[in-house]
Amino acid sequence: MSTATVIQGQLKVPVLDLKAQYQTIKDEIQTAINSVLENQHFILGPEVKALEAEIAAYCGTKYAVGVASGTDALILGLKACGIGPGDEVIVPSFTFIATADAVSMLGAKPVFADIQAGTFNVDPESVERQITPRTRAIIPVHLYGQAADMDPIISLARKHNLQVLEDTAQAIGATYKGRRVASIGDLGCISFFPSKNLGGYGDGGMVVTNSEQLHRHLISLRAHGSIKKYFSEEQGWNSRLDELQAAILRVKLRHLDTWSSQRREVASRYDALLGNVKGVITPARNGFGDHVFHQYTIRVKHRDQVQKRLGELGVTTMVYYPTPIHMQPIYGGLNQHEGDFPITEQASKEALSLPIFPELTQDQSHHVSEALAQVLAE
Ligand SMILES: *Cc1c(COP(=O)(O)O)cnc(C)c1O
């Protein structure tokens with residue numbers, strides 16, 4: 001071992017610090033909440049309407065529809081595209097389970113695709129291999145805040161007459177060749193889960209689209225299948241964003257671009273500090289546009305031991321995701337499918353997400369990097 005200063009767990013670095021962010025916007029948030037309380041209009045009122053317009057403008061789409069969660073954004077989006085029993089939808093195996101569950105919920109079949117090793121994003125060539133006559137849609141996921149390679153996916157969709165739903169839960173604000181993600185496919189599905197880059201103070205989600213027909217269908221689906229009140233034309237849901245969340249999100253949206261650049265600064269600092277640490281592979285950038293660093297995810301060998309030791313040194317990290325979806329018990333199980341998607345399986349063993357949030361200080365990023373260097377030298 002080197003004689004460099006030995007790090008102990010004196011400085012704690014959380015993986016995410018929502019309290020730090022709240023302190024910077026407390027007054028604005030309280031004003032926004034109070035105004036909803038004064039109005040006493042809680043469901044589908046002026047705040048939701050305004051947020052829908054603002055998110056549509058932000059993403060560069062004509063329409064946006066507030067729903068109850070990012071998962072519901074995917075389910076309602078798929079339903080609006082007409083996906084149902086007998087249909088296949090291609091999703092990456094390396095994502096949050098909700099991407100696949102949304103497909104299963106509608107009685108359709110999620111068909112998995114592998115990822116690219118550098119960016120952890122879905123591999124368009126693997127997607128192409130999974131297309132069958134039953135394929136109806138593709139859900140690329142902009143994982144960790146970086147756009148998936150959309151051009152080849154869009155051309156596959158055109159060629160095979162498929163719909164494209166962008167899972168933008170982790171990547172609002174990211175760009176792909178000059179366009180905001182969520183605006184490139186037929187539909188973009190956004191999550192406002194509290195830990196996401198634009199997080200509410202509870203569950204929430206939104207679907208954005210340029211299609212008037214999909215927009216109309218989504219408005220109906222989130223409210224019991226009715227456009228006209230108490231007049232149902234189809235099976236729908238109760239899935240709505242509420243006014244309190246919308247008011248909070250409108251405040252936070254005003255800060256989103258600043259927060260995204262702060263996240264990029266933290267990421268560059270990590271790149272510089274970790275670039276020469278042996279055994280660490282820092283996250284690749286695909287060069288297609290702005291990364292918004294929902295996560296800063298490295299690769300390391302012996303990941304679980306590294307994570308445990310980092311924890312002892314005060315550094316909290318996360319593993320997104322330890323079990324690929326094709327190996328989840330509900331989708332066939334561990335043994336049955338091991339080896340199907342080797343790049344995904346390797347990523348699930350090596351990926352480690354370091355603390356990242358806009359307010360992360362220089363001291364904290366130094367502590368994380370020094371702790372990691374020390375653990376890997378042990
Ligand atoms: C968070 C997330 C979702 C689900 O969003 P919820 O708002 O939690 O329902 C879907 N896909 C991905 C990739 C996510 O990270």
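Order of appearance sets the numbers: ligands from 1, and atoms from 1 within every ligand.
Of all atoms in ligand 1, listed by their number and element, those nearer than 4.0 Å to a heavy atom of A169 are 2 (C), 3 (C), 10 (C), 11 (N), 12 (C), 14 (C), 15 (O). Listed by number with element, the atoms of ligand 1 under 4.0 Å from a non-hydrogen atom of V141 are 13 (C). If you number the atoms of ligand 1 from 1 as listed, the ones under 4.0 Å from a heavy atom of G70 come out as 5 (O), 6 (P), 7 (O), 9 (O). Taking every non-hydrogen atom of T95 and a distance limit under 4.0 Å, the qualifying atoms of ligand 1 come out as 13 (C). Below 4.0 Å from some heavy atom of A98 lie the following atoms of ligand 1, by number and element: 4 (C), 10 (C). In the vicinity of S191, heavy-atom distances shorter than 4.0 Å reach the ligand 1 atoms 5 (O), 6 (P), 7 (O). Those atoms of ligand 1 that come under 4.0 Å of a heavy atom in T99, given as number and element, are 11 (N).
The shortest distance between side-chain heavy atoms of Y270 and L372 does not fall below 4.5 Å.
Between the side chains of S226 and S232, a donor-acceptor pair is found at a separation under 3.5 Å. Between the side chains of D257 and Y58, at least one donor N or O sits under 3.5 Å from an acceptor N or O. Side-chain contact, T99 with D167: a donor N or O sits under 3.5 Å from an acceptor N or O. Inspection of the E88 and T132 side chains reveals an N or O donor paired with an N or O acceptor under 3.5 Å.
Here T71 has heavy atoms under 4.0 Å from ligand 1 in both its backbone and its side chain.
Closest to atom 1 (C) of ligand 1 among all protein heavy atoms lies K196 NZ, 1.5 Å. Looking from atom 15 (O) of ligand 1 to the surrounding protein, the closest heavy atom is Q170 NE2, 2.9 Å. Nearest protein heavy-atom neighbour of atom 11 (N) of ligand 1: D167 OD2, 2.8 Å.
In this structure, K19 fails the cation-pi test against Y22, since its NZ or CZ atom is not both closer than 6.0 Å to the six-membered ring centre and inside 45 degrees of the ring normal.
Annotation for N161: atom CG does not count as buried by contact number, only 12 or fewer foreign heavy atoms lying within 6.0 Å.
Considering K301, H302, R303 in turn, K301 is the only one that fulfils the side chain to side chain donor-acceptor pair (under 3.5 Å) rule with E350.
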